[in-house]
Structures are given as structure tokens and as C-alpha cells.
Asks: 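The following block contains the structure, expressed as C-alpha cells.
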Amino acid sequence: MKFKPLGERALVKLVEREEKTPSGIVLPDTAKEKPQTAEVIAVGDAEDIKVKEGDIVVFAKYSGTEISLNGEDYMILDADDILGVVEE
């Protein structure tokens, strides 16, 4: 199934990063906060959206709509909820 977001929206897949305390202890899933980074899978057709497919983005903590496509979990984010692009 293909999905194309409309307008100023992006379809993203959450990026899980292993979290450690400053002393090196790996935190279990139950102690982790909801991830705020994601990979852009698809973008809407609006000219104002500044991200492209493959970008890693940081988004607002309680934003987006969670959906499931083909057994995979994704989020639909408004362009205003995307705070920035991670550059390495």
C-alpha cells in the first residue's frame, strides 16, 4: 500500500536510538520517552514544506497522528510540527 500525504504534511517513521545514562547504563524500553526523531518517508505536494524523503527530522513532543500501514507504524506530521532537520 502506498501513502501520499496531502498539503503541508509529511509521513515519517520513528527512529529509535539507544538511550544511555551518563554512566553508560542502557535504559529499558519502559523507561524511555517517546522518540522525537523520525525519517521522512513521503511529503505532501505543498511548496512550503522544507523537508524531503530520507531526511531525519526532530518534531514537537506531542504532535502527529500515528497510523499503521502494512504492519509498520508511522506518523503523519504537519509542517509546523517539524522543528528541524538533523545534519551529520
Side-chain angles (χ1 to χ4, degrees):
M1 172 187 292
K2 294 187 86 173
F3 183 86
K4 175 77 173 169
L6 298 176
E8 295 181 8
R9 292 182 182 83
L11 178 71
V12 299
K13 183 169 183 157
L14 298 178
V15 175
E16 296 282 337
R17 296 192 301 192
E18 184 175 80
E19 292 185 35
K20 292 183 183 180
T21 64
S23 61
I25 298 171
V26 176
L27 297 174
D29 288 339
T30 54
K32 292 180 184 177
E33 289 189 25
K34 179 179 168 185
Q36 289 177 259
T37 57
E39 178 182 359
V40 177
I41 304 300
V43 294
D45 53 3
E47 294 178 16
D48 295 343
I49 194 156
K50 305 283 193 247
V51 296
K52 61 185 181 308
E53 293 178 17
D55 283 349
I56 302 295
V57 296
V58 176
F59 57 92
K61 190 168 191 161
Y62 297 107
S63 62
T65 301
E66 296 180 4
I67 64 168
S68 183
L69 298 171
N70 299 332
E72 299 275 340
D73 293 329
Y74 298 93
M75 288 185 74
I76 301 171
L77 296 174
D78 288 328
D80 292 339
D81 292 331
I82 298 173
L83 305 176
V85 178
V86 177
E87 296 179 352
E88 293 185 31

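This one's a predicted model, so the numbers in the text were calculated from it and none came from an experiment.
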Asks: Could you tell me which residues satisfy salt bridge (Lys or Arg N to Asp or Glu O under 4.0 Å) with Lys13, sequence neighbours excluded, listed by chain and number?
Replies: Glu72

Asks: If you look at every heavy atom in Gly44 and Ile49, which pair is closest and at what distance?
Replies: O-CG2, 4.3 Å

Asks: CD of Glu8 to CD1 of Ile82: how many Å apart, nearest 0.5 Å?
Replies: 10.0 Å

Asks: Which value, rounded to the nearest 0.5 Å, describes the distance between Glu53 atom CD and Ile41 atom CD1?
Replies: 8.0 Å

Asks: Minimum heavy-atom separation for Val15 and Glu39, please, with both atom names.
Replies: CG2-N, 3.5 Å

Asks: First locate atom CG of Leu14, then atom OG1 of Thr37, and finally report the distance between them rounded to the nearest 0.5 Å.
Replies: 7.5 Å

Asks: Are any of the side-chain heavy atoms of Ser63 and Leu77 separated by less than 4.5 Å?
Replies: yes

Asks: Between Phe3 and Ala42, what is the shortest heavy-atom contact and its length?
Replies: O-CB, 4.0 Å

Asks: Rounded to the nearest 0.5 Å, how far does CZ of Arg9 lie from CG of Asp80?
Replies: 10.5 Å

Asks: Apply the test side-chain contact (heavy atoms from CB on, under 4.5 Å) to residues Val85 and Val40: give CA-CA distance (whole Å), side-chain angles for both, the deciding distance (0.1 Å), then the verdict.
Replies: CA-CA 10 Å; Val85 178; Val40 177; over 6 Å; no

Asks: Rounded at 0.5 Å granularity, tell me how far NZ in Lys4 sits from CG in Asp45.
Replies: 6.0 Å

